[in-house]
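Throughout, residue positions are numbered sequentially from 1 according to the sequence presented. None of the values given here were measured: they were computed from a predicted structure.
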Amino acid sequence: MSHPTIHTAGRSSPLMLTRIAGALAPAALAALVAMHLLFFALRAWHTLTFPYPLDYGEGPLLAQVNALRSGISLPRLYSDPGTPPYLVVNYPPVYLVAVWLIAPLFDVAFPGSDATLLAGRLVTLLATLGSTFLLWRLAAPPHDSHSTAMPRIAVFITALAFLALPIVREWGALMRVDMLGVCLGLWGLLLTRRLSRWAALPLALSLLVKPSLIAAPAAALIWLWFRHRHRALEVALIMATIGGAAAGALQLASGGWFWLHVVAANANPWSAALAEGFWQDQAAILWSLWLGAVCAAALLLARAAPDVSNRRSPVLPSDTTPAHGLLPVVYTCFGAYVAFGVGKVGAYTNYFLEFYAGAIWLIAAAIASLLATDRSRHGQRLSSTRRSDKPAPVSDAPSPSLSSRISMLTSWFLAINARTQPLAARARRPDSWFSVLGSSILLLLLAAALLRYYPLWSENYVKPYGLIEGDNPPRLAFGAYGVWRDLQREQEILATLRRVNAALVADAQAAGAPIVTDVPGIAAQAGVPSRLQAFEHRQLYDAGLLDQRPLLRDMANGRVPLVVLDYLGNWLTPEMIALITHRYAQTGSRGTFDLYQPVNPGRRSDVALDIGAGIRATGVFLAPPGSTMYAPGERVVLTLELIRTTTDPGPCDADPCQVRVTLATSDGAPIAAWERPLIYDALRPADWDGAAIQHMHPIDLPVALPPGEYRLTVALRSGAELFTPPQRIAPIKVGDASGQLLGERGYFVPAPIFTFWLDAGGYEGPGDPLMPAVPFADGVVQCFLRACFHSAGNDITRLPLGELVLIGESGLRPAQPETEPSRFFPETGYTLHGTFLSAWEAYGGMETLGPPISDEMQRGAARVQYTRYARLERPEGTDIVLLANLGEEYLRLPGIPYRWR
């Protein structure tokens, strides 16, 4: 009678150790997930409270929803992207409509674009949380009288790990369409599990959010085909009807443009090397998640098979069914297929979202299967006729033939893994060591996936990490530069971007007309249209589906009042770059964004000159001199207004032509000549469309030019042949030398600005010129190493470079100032102390530097303090205070010439 007692006691210790080990793995994962949930919440809070677009993709969506809110109809939104509102709408309208419906709720507290952006981000956040909930519901074991809380807790923690993935944290609260599509797809799969025909609705809507999110619809139809063929056909028909009706209606209502927006504009080239790079980056931090998903898929397929050890009566294990195991496997496989689309030019890590949702689902479902307790402790098999807690209607039961097909598939899987069958059989006992060990391994693999990440933000620049550095190695999520530090850095950068974007909003709104920018959010946040949606328009231009020439003609004539660029060359066409660097000139920067405005050509005079090749000059512009007359060495801005006089192809249509401008004496003796391509080779005459086009042709007068009257002549040539002799286009008067050529690059400084430069300290004050004196609509601007001057008539002022550069600063740290002496400035509320006060007085005080506009701060290895016009710097270890090169920082010209030729 004592033998059973001794036997039980002998096994109690291993069983207890197994249970302890089984509790430690969920506890470890729970601790990691809890920390990452805090990170997710902080990232979501940063995003929701930042009132401007955070990445490229938010800008177009913000502009599109704002267009709907302004009264533009949905079909017109999908109209010709070369006409107002100049939008390329890459996706069907479900996300746009959802945000459009919700945005009015926030109008009172957050008027304008702020409400739209917040609404869009909240839609994404709710979809992200909804996706997590759906993953839990899809993987959770059924309720029954034998089940314990452990499986549901473990599955719930596993589902929450979806929010802990770096990609989900990055995308979980942005105004992007992806998470809404993922959420709708998972909802459709939950309904699919119940064999409901209503699954077709969310599945169709997910495709109408983003057509490339095919994992859920494909998995649903394939699973239903083997489960219930009639229902599969019903769901497919309903999906096709909803999607076809929506797309067809918009195609007709938009005049045939819908297809170009949603399909043609997304048909970007695919690069295997690009895809490989993304996959390698993801493997570096999430390889254990992939391994866990593979193991979970194998286990689910094994447990979904009939018990082949009992050849007389094969039965399915009661704790799992093909519905439980095969559906997430198929979904994840299609998610991986979608993720290979990351090789498409312009794609990003959002292409992995379905794949990672599937991986989490697989692991959670496998854990639920391993820990299920719907069988007796002694492993007795339940009858194959046992029903689930939510039985499907009789009409929805799978046919025997289809069930046999599933059994054949899974039996084949077990046949090639015959050696593992005994383990799988033992795994069907819920309290066995295999179940606990298997679930613990899966949980630990998932936990390992949460230990590394890629930082989002650079420590040195107001840019995403790796964009300037050129490399972004993975880091530990916890440590000196873990996720917590990255979120702190994000807070610093967003504070800077808040100031920068506020300034850009004012600049864009002051422009008063459609602008051009390579970051659509710049225009969208200001509520002004942009003539260019850089990436999407460039794709259409290259494919020959859209004509850029109307925009080029307007830029050639200076009709685009403002160009805001993050990077000169960022998806801009070569023709646009040529116009920006010849017809436009940089006026400065806001943070990392460069501002360009059209160069003012001056007063127009009528002329009528046939210069050959079917081209006539109908007008000439001359910018006024910097003083009373032009001076030797001065840059003269000459602009020709040209028209095409024939419709026949001309020599300048086939080959580039050169415009030659010659400076000649009054009796016609040539002195100097300058050439440049006709319209900078950005527009051939056949592209002018009958309009008058301006050709800007600045010339630098010879330094030794004697005073007197001269004439400018113009001629057009192709190759070595002039089409006509040089013809007089305009007279100019040159006076005595009044300005000065300064600096290594030899830029001419007009006399009034030169006098102002001398009074400001000359080389010791403003320093070398960094650009010529450029005429803009509101006056002439010329920047020097440490200062910029603005001349309007007889009034010359300093640009407040301290204020303009300070808005782009990030990462300044408070520094303890010296105590004596000190001076408080009530107009700004700041105080200068000690050596900074002495240097401020020595450099010209209030007149030259203006009042302080910041506290004393630590900037890298230097202690600094900003004034209205300057930045005082004291390098570490010295008592010498210098003036920073704010002119160079404002123009963002580290070692490169000024961008106007």
Given Gln865 and Tyr830, is the side chain to side chain donor-acceptor pair (under 3.5 Å) satisfied, shown in steps? CA-CA 10 Å; Gln865 189 164 11; Tyr830 292 98; over 6 Å; no
Answer yes or no on whether Arg635 is positioned over the face of Trp900, meaning its NZ or CZ is under 6.0 Å from the six-membered ring centre and within 45° of the axis.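 Relative to the ring axis of Trp900, which defines the angle, Arg635 lies inside both limits.
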Is Lys344 positioned over the aromatic face of Phe278, cation under 6.0 angstrom from the ring centre and no more than 45 degrees off axis? no
Are the side chains of [X] and [Y] in touch, meaning some heavy atoms are under 4.5 Å apart?
X: Asn90; Y: Val177; answer: no
X: Arg590; Y: Val564; answer: no
X: Val781; Y: Val774; answer: no
X: Gln548; Y: Met576; answer: yes

Residues which pass salt bridge (Lys or Arg N to Asp or Glu O under 4.0 Å) with Asp566, listed by chain and number, not counting sequence neighbours: Lys463
Quick one: does any side-chain atom of [X] pair with a main-chain N or O of [Y] as donor and acceptor, under 3.5 Å?
X: Arg583; Y: Val599; answer: yes
X: Tyr596; Y: Leu565; answer: no
X: Glu170; Y: Pro166; answer: no
X: Trp757; Y: Gly767; answer: yes

Note: [X]-[Y] ion pair, threshold 4.0 Å (strictly below):
X: Glu888; Y: Arg786; answer: no
X: Arg538; Y: Glu536; answer: no
X: Arg863; Y: Glu876; answer: no
X: Asp594; Y: Arg899; answer: yes
X: Arg176; Y: Asp55; answer: yes

Could you walk me through whether Glu809 and Arg499 satisfy the salt bridge (Lys or Arg N to Asp or Glu O under 4.0 Å) test, starting with their C-alpha distance in whole Å, then the side-chain angles of each, then the deciding distance to 0.1 Å, before giving a yes or no? CA-CA 9 Å; Glu809 281 279 22; Arg499 298 190 299 267; over 6 Å; no
Would you call the rings of Tyr541 and His537 parallel, tilted or perpendicular, taking 30° and 60° as the class edges?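 Taking His537 first and then Tyr541, their aromatic rings sit tilted (interplane angle of 30° to 60°).
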Can you tell me how the ring of Trp571 sits relative to the ring of Phe535, calling it parallel under 30°, perpendicular over 60° and tilted otherwise?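 If you compare the ring of Trp571 with that of Phe535, the planes turn out perpendicular.
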Could you check Tyr890 against Leu799 for side-chain contact (heavy atoms from CB on, under 4.5 Å), going step by step and ending with a plain yes or no? CA-CA 10 Å; Tyr890 181 61; Leu799 295 183; 4.1 Å; yes
Do you know which of Leu551, Leu579, Leu562 makes side-chain contact (heavy atoms from CB on, under 4.5 Å) with Val516?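 Between Val516 and the candidates, side-chain contact (heavy atoms from CB on, under 4.5 Å) is satisfied uniquely by Leu551.
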Using salt bridge (Lys or Arg N to Asp or Glu O under 4.0 Å), reason through Arg871 and Glu856 one step at a time and then give a plain yes or no. CA-CA 10 Å; Arg871 182 176 71 227; Glu856 203 166 315; over 6 Å; no
Check the pair Tyr95 / Thr124 against side chain to side chain donor-acceptor pair (under 3.5 Å), numbers first and verdict last. CA-CA 9 Å; Tyr95 182 86; Thr124 301; 3.3 Å; yes
Has Tyr481 got more than 12 heavy atoms of other residues, nucleotides or ligands less than 6.0 Å from its OH?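 Counting neighbours around OH of Tyr481, more than 12 heavy atoms of other residues, nucleotides or ligands fall under 6.0 Å, so yes.
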Assess whether side-chain contact (heavy atoms from CB on, under 4.5 Å) is satisfied between Gln533 and Tyr56, documenting all intermediate values. CA-CA 10 Å; Gln533 194 170 311; Tyr56 180 96; 4.0 Å; yes
